Each structure stands twice: as C-alpha cells, then as structure tokens.
There are 2 protein chains.
Amino acid sequence: MTTSVRAEKHTREQILDAATRLMHVSGYRGTSLDDVLRESGVGKGNFYYYFKSKEELGYAILDRIVRGFVERTLEPSFADPSRPPLDRIHRFLDGVLETQRQRNCVGGCPMGNLASELSDVHEGFRQRLAEIFTHWRERLTGALREAQSNGSLAPACDAGRLAQFLVASLEGAILMSKVTKEIQVMEMCVGELKAYLAHYTTGAPA
Amino acid sequence: MTTSVRAEKHTREQILDAATRLMHVSGYRGTSLDDVLRESGVGKGNFYYYFKSKEELGYAILDRIVRGFVERTLEPSFADPSRPPLDRIHRFLDGVLETQRQRNCVGGCPMGNLASELSDVHEGFRQRLAEIFTHWRERLTGALREAQSNGSLAPACDAGRLAQFLVASLEGAILMSKVTKEIQVMEMCVGELKAYLAHYTTGAPA
DNA sequence: TGGTCTGTACCAACCAGTCGGTACATACTT
DNA sequence: AAGTATGTACCGACTGGTTGGTACAGACCA
C-alpha cells in the first residue's frame, strides 16, 4: 500500500515536472503530449491513467505553478506582520525580479504567458487565471491599506487601484525583459515602481 | 500589368486580412494554415504562391500589425510638433486605451501576444519584436526629453527609463484587461501612469 | 506562346486520445 | 494454504483527424 501510493506520487509528479518545464518555455499549445511523455519517460497509457486529457494536465500545471508562486514568492514576502507593510511590498518586488534574473529572462511569467495564450480562446483557463491575479492583487491591496492605516502611505491614494497597477506593471516588465533578454529592463521597471510608491509615502515609521 | 498587380494585392491582402484577424485572438500556433485558407477563401497552392511558409506569413503579419500601430496610433499622437510633448503622451495613452475598449478587451496587444508566445521559441521573431518595442520606446523617450528641455518635465528623471516603464506598464495593463475582460483595469492603469507623469511635471507651459 | 495566377489532389509528420493487454499486490473465499 | 477475484499501475501500438508543405494541371492575361 505504501509502495503503491509512493509509486503513484512519483509518476504523476514526474509528468507534472516535465510538463511544467516544457510549457513554461513553449506554452500550452507548443508543448505536445508526446514531448511531455518523452521528457518524463512515462508511457501514453500511463499518462491517461493519471490525467483524463491534456486540458486537465493544463489545469494541474496551473495549480502547481500558482502554489509554487504563492508559497515561494507571495507568502514569504507578506506573511510576516511585524515587518512594515511597505517593506513587504519592496521585498516582493525584489523577489519577482530575482526570480527573473535566475531564469536569465527565459520563460517569463508562467501565469502571464498562459493568460496571453489562452484568455481569448479557453474560458475555463481565463477564469482560473483571473482569480489568481485577483488573489495576488488582494495581497498587495491588504499591505497597502495597512500602510495607510499605519500612516506610512498617503490615505488619499486608492489602494486597490495601486495594487492593480503594480500587478499589471510587473507582468509587463517581465514580458519586456523576456523579449529583450535584458534583466536591466526589469530592474528599471521595478525601480520606477518603487519610486512611484515613494511619492505616496509619508516619512512615518511602522 | 496594372490588373495583375491589383490582383496580386487583392489575394495577398485577403490572406493577410484573415490571418491577422485569426492570429490576433488565437495566436501564431493556434491559427492553422487551413483556418486562414478557409477564412480568406484562398486555395492552398495560391497561398504558397505568395508566401513560401507559415513563418514568412507570420513575419508579413507582424510587419502589417506594426505598420498599423505606427500609422494609426503612434504617429498620430506624436507627429504634431506644435502640441506640447506631454500632451502627445497623454493622447497616445488614451489612444491605446480606446483601441482596447473598442475591441472589448478581446485579443490584447498583437505585438505583446506574439512576444509572449514566441520570444523563447523563435529567435527571429524575438529580435523583430524587440526592435519594434525599442522604436516605440524611443518615440516616448523623444517626447519626454522634449518635455524636459521644454521645462514641463523635471530634468532629474531619466527619460529613457521612464519610457521603458511606460511601454512595459501599458503592455501589462492590456494583458490584465484581456484576462479580466474589464476595461476598467486598463482605465485604472492608464490613470496611474498619468498620475506618475504628473509627479515629475512642473507647471511650466509649452 | 509564356509568364502569372489559382484550385485540387496529395504527402509524411504529428496531434490528442483509445485500445487491448500485462504485471503485480492485495482481498476474499473455501 | 490454495485458488480466485479485484484494483492499481503501466505499456506501446493504433486511430482518426490535422498539420505545414508539395506537385501539378489548368486558367487567365499579355
């Protein structure tokens, strides 16, 4: 029993690993099942034992990508309530930049890529993606509002609006560094984003 | 001769029309030659008389998209030298927003889409796209510098950097409104972009 | 007549998805 | 303990349909 569960996890995970890797650079349509099978060393019949279609694989990958992003980038930046809220945002921005630097500007944002590829062509994915970006935005909105009640951010500015703008600009920055293959592009954009925040920042402490 | 040129233009243009329309919503890989042929009513042999491959069609479409963008959105906003440079930028931002509104948030930015889909998978397209974004950015940089020498924009800020940021943020904004299908998202982002510019704006006239 | 166009039949490669069958561990009988 | 049945995990050949691309015959026009 233990072995069977282990075995299942193993194979399924192998498929997910390979597919995530491939789809990150080639996209959903650009990655064929055969590619995934070759890369993971899993047979076709076995694949369809774990996933009932390529679409389901797509959703599983998206889930996995999101979980990774939330656990490795979003939460670590926002989880600590003792840290000043604007610090948390800065740390998050740096985290996204760092991820992109490590990837050498290859792949871009997996969520952004899928959004671009599938939003107008697959309503299910579009909705899922929209939820994800909303969650992301809300995390930022929360921190910004906290900064306002805190006194470190001007109460005049619309936190939700600002958060929306931050998410959009970050996605755009990642895309632009993916096209140019120059990390400096992202550095510039993150710098501008910080500068923008600084304009609404009052000198107040946490 | 006149007729033959006309005829060529006709068929070639029909193909380009259909392909541009289809690829705008379904992407490069998501649009098959047969789709294009069906939509344009052109035979296969005829297609390969005008284009030697799907790739060449892709380049032709990209050229066409760029020309359309430059002629219909970029140049009309920046061409008039009598207009104050910051006004030109505002007009440009509004133009992009309006285009997106007219499209009901469907399709997104054709250049951004291709960039996202092909940058890591097709070096030729990546380079072409990178050039395009550079040209776009330079138009903005020029206007910003003019605003600086003009006295209406703070000389402290880096025009090139700011232009890069504007392009990236716009692309991100378009993408986000494509995912959410809400034009308000773009309105917000354009609003924030204008607010950001306003921070560096001195009250000086043109 | 000779180049410019165009439609049709065709191709091999590839696509997602299905199929019949195997190996093997466990559970249920008797 | 032996025999039978069941569920899980796996394989690779195969299917129908689609892909980008070619071959070629004929039509149109100069």
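Just so you know, these numbers come straight off a predicted model, no measurement behind them. So you know, we letter chains A, B, ... as the sequences are listed, proteins then strands, and number each from 1.
- In this model, the phosphate group of dC15(C) is approached by a side-chain N or O of Ser32(A) to a distance below 4.0 Å at OP1 or OP2.
- Take Glu75(A) and apply the side chain to side chain donor-acceptor pair (under 3.5 Å) test, not counting sequence neighbours, and it matches Arg139(A).
- Proximity of residues 18-31 of chain B to DNA chain D (heavy atom under 4.0 angstrom from any strand atom) is restricted to Thr31(B).
- Exactly one residue among Tyr28(A), Phe51(A), Phe125(A) makes a ring pair (Phe, Tyr, Trp, His ring centres under 6.0 Å) with Tyr59(A). That residue is Phe125(A).
- Between Thr11(B) and dC5(C), a side-chain N or O to OP1/OP2 separation shorter than 4.0 Å is absent.
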Side-chain donor/acceptor pairs under 3.5 Å, residues 188-195 of chain B, sequence neighbours excluded:
residue, atom, partner, partner atom, Å
Glu192(B), OE1, Tyr196(A), OH, 2.4
Glu192(B), OE2, Arg161(A), NE, 2.8
Lys194(B), NZ, Asp94(B), OD1, 2.7
Lys194(B), NZ, Asp94(B), OD2, 3.4

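- Applying the side-chain contact (heavy atoms from CB on, under 4.5 Å) rule to Ile132(B) yields the partners Leu62(B), Val66(B), Met111(B), Arg128(B), Leu129(B); only residues at least two apart in sequence or on another chain are considered.
- For Ser32(A), the side chain to side chain donor-acceptor pair (under 3.5 Å) test picks out Asp35(A), with sequence neighbours left out.
- With sequence neighbours excluded, the residues satisfying side-chain contact (heavy atoms from CB on, under 4.5 Å) with Arg64(A) are Glu13(A), Leu16(A), Asp17(A), Thr20(A).
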Does the protein touch nucleotides 21-26 of chain D at the base, only the backbone, or not at all? Give it as B, S and - per nucleotide, heavy atoms under 4.0 Å.
BBB---

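- With rounding to whole Å, Asp35(A) atom CG is found 13 Å from dA13(C) atom C1'.
- Here Ala159(B) pairs with Thr141(B), Leu144(B), Arg145(B), Gln148(B) under the side-chain contact (heavy atoms from CB on, under 4.5 Å) rule; sequence neighbours left out.
- Rounded to a whole Å, the CG atom of Leu37(A) is 14 Å from the C1' atom of dA13(D).
- Between Tyr49(A) and dA9(D) there is a side-chain N or O to OP1 or OP2 distance below 4.0 Å.
- Distance CZ (Arg38(B)) to P (dG7(C)): 16 Å, rounded to an integer number of Å.
- Annotation: side-chain contact (heavy atoms from CB on, under 4.5 Å) contacts of Val106(A) (sequence neighbours excluded): Val25(A), Lys181(A), Asp120(B).
- Taking only side-chain nitrogens and oxygens, Tyr50(B) comes nearer than 4.0 Å to OP1 or OP2 of dT6(C).
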